[in-house]
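Step one of this worksheet: look at the structure below.
First listed ligand is number 1; within each ligand, the first listed atom is number 1. Residue numbers start at 1 and run along the sequence shown.
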Amino acid sequence: MIEFRTGDATGAELVVVPVLADRVIGAEDGVSPDLESLSAVLDVHDFSGKHGQTLFLQTPEGQTPECLLVGLGAEVDHEALRKAAGIAARAAKGYSTVATALHRVGIDGAAGAVVVGTILGSYTFDEYKADPKTSKLASVTLLGEDEVSDEIETAVSLAAGVVLARDLVNRPAADKPPAALADIASGLSHDVDVEVYDEDAIVEAGFGGLIAVNAGADRPARMVVMRYTPEGATRTVAFVGKGIVFDSGGLSIKTAAGMETMKTDMAGAAAVFGAIKVIADLGLTLNVIGITPLTENLTGGSAQRPGDVMRAYNGKTIEILNTDAEGRLVLADGLALAAEQAPDLIVDIATLTGACKVALGAGIGGLFASDDEAAEIVGAAAKAAGEKMWRLPLDTDYKPLIESDVADMKNIGGSFGGAITAALILSEFVGDTPWVHLDIAGPARADKADHYISKGGTGFGVRTLVEVARSMT
Ligand code: BES
Ligand code: ZN
Ligand code: ZN
């Protein structure tokens, strides 16, 4: 983990300097070079200060600090800062001691944004590499800050939650059996009580969706319930995360290509773990319940078959017509369990449908809500956190598409609107509790690194869930 300090640039190997559009130095920091005198160099490198541009200014051999100019563009907000910090961190990964002036642009909360962008931008997943390309960045000094403020510490904690989620998503499915993830949940924080339902307890409780999906797997399922109940809290939010540690599709098997990234299918659960850890670390005054049904979706001899019917925790039955639509089955149990606790709000988060990824692309999550107020709470939180979510309709006119001949509903809709029919199925399990469903099939994973996003698991959703909790305190 990078250590953040405050003060001056003494001892730094590199100083990061923000440049606004049209080569305006972004900060009064005492370290920025005179860009006017450098205009010939900047011309050669076509460096204008456009957001995301970087330019190293070389110093004579052995002389430090070197300087890294980072373009911030014309409109500087928190997201621009996070991105620029991520880009700078990536560019500076060969240096161990860096000082930065990126945050000195006269915006409240800039230091926090720079810290988050720096940590996330320097993230790599190297556990399985003989020759890791891990960032050397060990210490970053935020120039001109008096002290490591609460804002900085909060940002470090938030980024650590995202890093935890990324690590869990990136870990191969073979090495994250449900029981191991349940153990990780149990160790998240002293302030979080964790109840783990093992295979017997799952049968006893009647988590029929989790049982049905787990039937084709050798490694047993777990239902994890995390409870953070700080003194003085009056309101309660429940987070429910899809935790399919691997999705082969089951008997309705996926293609080889479709399966390649399916270790990502527990990204919802990973986001809930990360968020609860952060919330407990920050000591937010709000009751938080985290629920993660954990299993893999495989094709063993006892696997569920198309045509089978399962009964969820709330007694409702679902006819399985496609075993690849398994997330909604385990979420049915998770949501019913959440609703039973009568929270003020339920937010579920799931890599639920390819259809949502088709609709919104890889960068934007789908948001469905039981009502406008719930949509507003979570939509505003996502916006504040810098995670893109777009509301999609929970249109009950499509309900006939999930009618079953033999059960209360079937687990797939028609050929179109798959993200909506999936959300409509989930809506059957929350009762009257205000509820938001986040479909993160697209943004849970990135094909390539970009600013503070790393290739592979992104940890998407952690920051939104934390912000939801913060906004409800
Ligand atoms: N885990 C997948 C959804 C998914 C697809 C996430 C691609 C990320 C990238 C989910 O369990 C699934 O397979 N859904 C099916 C549903 C269909 C059978 C109704 C899908 O989206 O194709
Ligand atoms: Zn599936
Ligand atoms: Zn899935």
Side-chain angles (χ1 to χ4, degrees), residues 165 169-170 173 176 178 209-210 212-217 221 240-271 292-299 303-308 310 318-334 348-366 368 392 398 401-404 409-426 437-447 456-461:
V169 169
N170 288 333
K176 53 182 174 192
L210 191 50
V213 177
N214 185 248
V240 182
K242 173 178 173 181
I244 301 294
V245 301
F246 184 73
D247 184 8
S248 73
L251 292 180
S252 313
I253 198 161
K254 288 184 183 293
T255 60
M259 238 182 265
E260 268 178 24
T261 56
M262 280 302 135
K263 67 174 180 181
T264 310
D265 216 19
M266 39 61 76
T292 58
L294 305 168
T295 178
E296 50 199 333
N297 186 23
L298 294 178
T299 57
Q304 64 171 340
R305 312 147 189 89
D308 285 353
M310 51 135 287
I318 308 180
E319 181 187 13
I320 314 305
L321 290 177
N322 188 317
T323 62
D324 195 12
E326 84 298 336
R328 56 204 78 184
L329 308 181
V330 303
L331 288 173
D333 291 330
D348 81 70
I349 179 159
T351 47
L352 201 64
T353 66
C356 198
K357 192 170 177 182
V358 170
L360 297 175
I364 304 173
F368 297 84
L392 295 172
Y398 286 176
L401 291 169
I402 56 168
E403 276 172 15
S404 161
M409 70 200 87
K410 56 182 180 174
N411 80 326
I412 50 171
S415 310
F416 305 111
I420 300 175
T421 45
L424 284 170
I425 291 171
L426 298 185
H437 158 55
L438 300 173
D439 191 333
I440 59 163
R445 188 169 189 92
D447 291 346
T458 57
F460 191 87

(request) Provide the atom name of the closest N, O or S atom of Asp247 relative to the Zn ion (ligand 2). (result) OD2

(request) Consider ligand 1: state whether an atom of it lies below 4.0 angstrom from any non-hydrogen atom of Lys254. (result)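 Lys254: in contact with ligand 1 (<4.0 Å).
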
Classify the side-chain pair [X]/[Y] by whether it contains a donor and acceptor separated by less than 3.5 Å.
X: Asp324; Y: Ser252; value: no
X: Ser248; Y: Asn297; value: no
X: Arg445; Y: Thr261; value: no

(message) If I take every N, O or S atom of Lys242, is at least one of them less than 2.8 Å from the Zn ion (ligand 3)?
(response)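 Looking at Lys242, which is the residue asked about, there is an N, O or S atom under 2.8 Å from the Zn ion (ligand 3).
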
Mind checking whether [X] contacts ligand 1 via backbone (N, CA, C, O), side chain (CB onward), both or neither, at a 4.0 Å heavy-atom cut-off?
X: Asn322; result: side chain
X: Met262; result: side chain
X: Arg328; result: side chain
X: Lys242; result: side chain

(message) Within the 4.0 Å heavy-atom shell around Ile412, which atoms of ligand 1 are there?
(response)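 Answer, ordered by atom number: 19 (C).
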
(message) With heavy-atom distances below 4.0 Å as the criterion, list the atoms of ligand 1 near Gly354.
(response)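 Contacts of ligand 1 toward Gly354, numbered from 1: 3 (C), 4 (C), 5 (C), 20 (C), 21 (O).
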
(message) What do you get for the angle at the Zn ion (ligand 2) between O on Asp324 and OE1 on Glu326, to the nearest 10 degrees?
(response)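 An angle of 70° at the metal.
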
